[in-house]
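When a residue number appears, it is its place in the shown sequence, counting from 1.
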Amino acid sequence: MRAAHPSFTTLPVSDGVPRSAPLQRLLHSQELFVRGAHVPHRITAAGLAQSHTAWFGVGVMAGGQLSHGLPVDVLVLVYAQELARRAQGWSSSLILVADDNAHAAGGDVLAVRRRSIQAQARLAAVIERLGFPADVRLASSLRHDPTIDTPPAPTSLPPYVAHQLLQTEALRRRGIGLKIGWALSGAMLDERYFDDLHAREYESRVGSVYTSGGCTLDVRRPRACPYVCANPNARLLLQPGEDLARKLAHAPVAAARRYGRLLGKLARAHCRLTGSDRYRGPVATLQDLLDDLP
C-alpha cells in the first residue's frame, strides 16, 4: 500500500535555478539518497536560499517502547547530511535527539532523559571521530534557545505529531531548513507523511531530502527506521564491542545480504567523506569506526 499523503503538490527537485544545482546533482547521483518518482524529494531553490543548515532528528522510542540503542543504519543520515552540507557550501549541520518528542508520546521522563543523553553522547563521539562540523543537541534545548522563534502548535493533531511539526517549523524559520529524512516505498508513516502534514498545517514547506531506511536481520520484518531499535538481536548496533562480522554470519542469508548492501553504501560514503585509504571491505571499514569509539 502506498503512503497516504495530504493532497499537496510535491515541489519539484529540478527548478532550473543554479543555487540548487549542486544538491540536485547529489540527489541524482549519490546512492545513499532514494531515487525515482515514487519517493520524490521536496526542495526548491527559494527554500535553499533561505537556509544555511541541514538537520535530522533521531528518536529514542520504537513502537511505544524505549529504543535499545542506535543501529549502524543511522550512519546513512550522518553521511547524507555531510554530503548535502558540502554540496551547499554550508559551515555546519545539526543533529537533534528527540527527547521532547518522546515525552510528548508518553515516555517516562527519567528513562527518556537517560536514553536521550546516551544517544547524544554516542552520536557526538561518532561525529568527532569523523571530523564532521555537526552540532549534536537534545531537542529540549530548543526551548531555551532565544534564536529559535517558536510558532504555535497545531491543535487538531495528537501531541507527538503536533510537537514534531512545531519543531520542524521553528527550525525552518531559523534558517535550519534542509531536513535529511528517510523514506520506504509503501510505508505509511515514514518522514514524507510528517513533512506533508507540516506543509498543510503551516502553509510552508521545509526542504526535505530522503535516504533509504534501515535494515534488520529479521526476515519477517526486513526494513526499519534507521535510528531506533526494538530488537537488538536483529540490528547491527553503533557501539564499541559490536562484532559486525559475527552477527552477520549468524543471521539468515537473505537478511545478511540485504544488510551487507547497506553496509557497502555506508562504507563507500565513509571513505569518500573522510578520504580514507583503509578500505578493506564494508564490514572491516565500519568495524574500524566502531572500534575507535570510546
Side-chain angles (χ1 to χ4, degrees), residues 51-71 73-78 80-81 84-85 92-127 132-155 157-182 189-191 193-195 197-198 201-202 204 206-211 225-229 238:
S51 302
H52 52 66
T53 303
W55 73 282
F56 69 85
V58 171
V60 295
M61 294 189 72
Q65 304 295 320
L66 282 174
S67 173
H68 290 276
L70 284 169
D73 316 36
V74 73
L75 291 173
V76 73
L77 297 170
V78 172
Q81 181 186 66
R85 183 197 69 81
S92 63
S93 301
L94 173 67
I95 300 173
L96 280 184
V97 178
D99 58 337
D100 266 1
N101 308 54
H103 294 153
D108 177 78
V109 173
L110 291 179
V112 166
R113 174 77 174 174
R114 188 181 310 115
R115 192 57 50 87
S116 299
I117 290 175
Q118 290 171 349
Q120 180 189 25
R122 180 59 45 78
L123 285 166
V126 170
I127 292 299
F132 296 166
D135 183 17
V136 185
R137 299 175 58 177
L138 298 181
S140 56
S141 69
L142 299 180
R143 289 188 272 112
H144 311 293
D145 190 334
T147 68
I148 301 294
D149 173 26
T150 303
T155 58
L157 298 171
Y160 171 80
V161 177
H163 186 85
Q164 182 159 328
L165 303 190
L166 180 152
Q167 191 178 78
T168 298
E169 178 62 10
L171 292 174
R172 188 193 69 81
R173 294 185 183 189
R174 179 64 177 79
I176 306 171
L178 180 63
K179 179 183 174 186
I180 312 298
W182 59 278
L189 288 175
D190 61 16
E191 295 197 17
Y193 172 81
F194 293 101
D195 293 340
L197 273 183
H198 167 265
E201 292 295 327
Y202 289 102
S204 61
V206 65
S208 299
V209 296
Y210 303 105
T211 69
C225 172
Y227 49 73
V228 293
C229 173
L238 189 69

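- Counting heavy atoms from C-beta on, the side chains of E191 and S208 never come closer than 4.5 Å.
- Closest heavy-atom contact between R122 and L238: NH1-O, 2.9 Å.
- Side-chain atoms of H103 do not come within 3.5 Å of backbone N or O of A98 as any donor-acceptor pair.
- In terms of heavy-atom proximity, A139 sits nearest to N101 at CB-OD1, 4.0 Å.
- Checked against side chain to side chain donor-acceptor pair (under 3.5 Å), S141 has the following partners two or more places apart in sequence or in another chain: R137.
- In terms of the side chain to side chain contact (heavy atoms under 4.5 Å, CB included) criterion, residue partners of L157 (sequence neighbours excluded) are, by chain and number, P154, V161, A162, L165, R200, E201.
- Closest non-hydrogen pair, P226 versus L77, comes out as CG-CD1, 4.1 Å.
- Under the side chain to side chain donor-acceptor pair (under 3.5 Å) criterion, S93 pairs with no residue at all, not counting sequence neighbours.
- Residues passing the side chain to side chain donor-acceptor pair (under 3.5 Å) test with R85 are E82, sequence neighbours excluded.
- Under the ring pair (Phe, Tyr, Trp, His ring centres under 6.0 Å) criterion, Y202 pairs with H198, sequence neighbours left out.
- Rounding to the nearest 0.5 Å places OG of S140 at 9.5 Å from CG of L96.
- Rounding to the nearest 0.5 angstrom, the gap separating the CD1 atom in I180 from the OG1 atom in T211 is 8.5 Å.
- Between V74 and W182 there is no side-chain heavy-atom pair separated by less than 4.5 Å.
- Contact annotation: the side chain of H52 approaches that of I176 to within less than 4.5 Å [non-hydrogen atoms, C-beta and beyond].
- No side-chain heavy atom of V206 sits less than 4.5 Å from a side-chain heavy atom of L171.
- Just one residue in the list I127, D135, V126 forms a side-chain contact (heavy atoms from CB on, under 4.5 Å) with I95, and that residue is I127.
- T53 places no side-chain N or O within donor-acceptor distance of the main-chain N or O of G177, the cut-off being under 3.5 Å.
- D100 and Q167 are not linked by any side-chain donor-acceptor pair at a separation below 3.5 angstrom, with hydrogens and angles left out of the test.
- For R114, the salt bridge (charged side-chain N to carboxylate O under 4.0 Å, His left out) test picks out no residue, with sequence neighbours left out.
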Using distance only, find each side-chain donor-acceptor pair of residues 60-71 under 3.5 Å and give its atom names and separation, not counting sequence neighbours.
unit_1, atom_1, unit_2, atom_2, d
S67, OG, G69, N, 3.4
S67, OG, G69, O, 3.0
S67, OG, C229, N, 2.9

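- Residues forming a side chain to side chain donor-acceptor pair (under 3.5 Å) with R115 (at least two apart in sequence, or on another chain): Q118.
- Under the rule for a salt bridge (charged side-chain N to carboxylate O under 4.0 Å, His left out), D99 has no partner lying at least two apart in sequence or in another chain.
- Between the CG atom of L94 and the NZ atom of K179 there is a distance of 12.5 Å, given to the nearest 0.5 Å.
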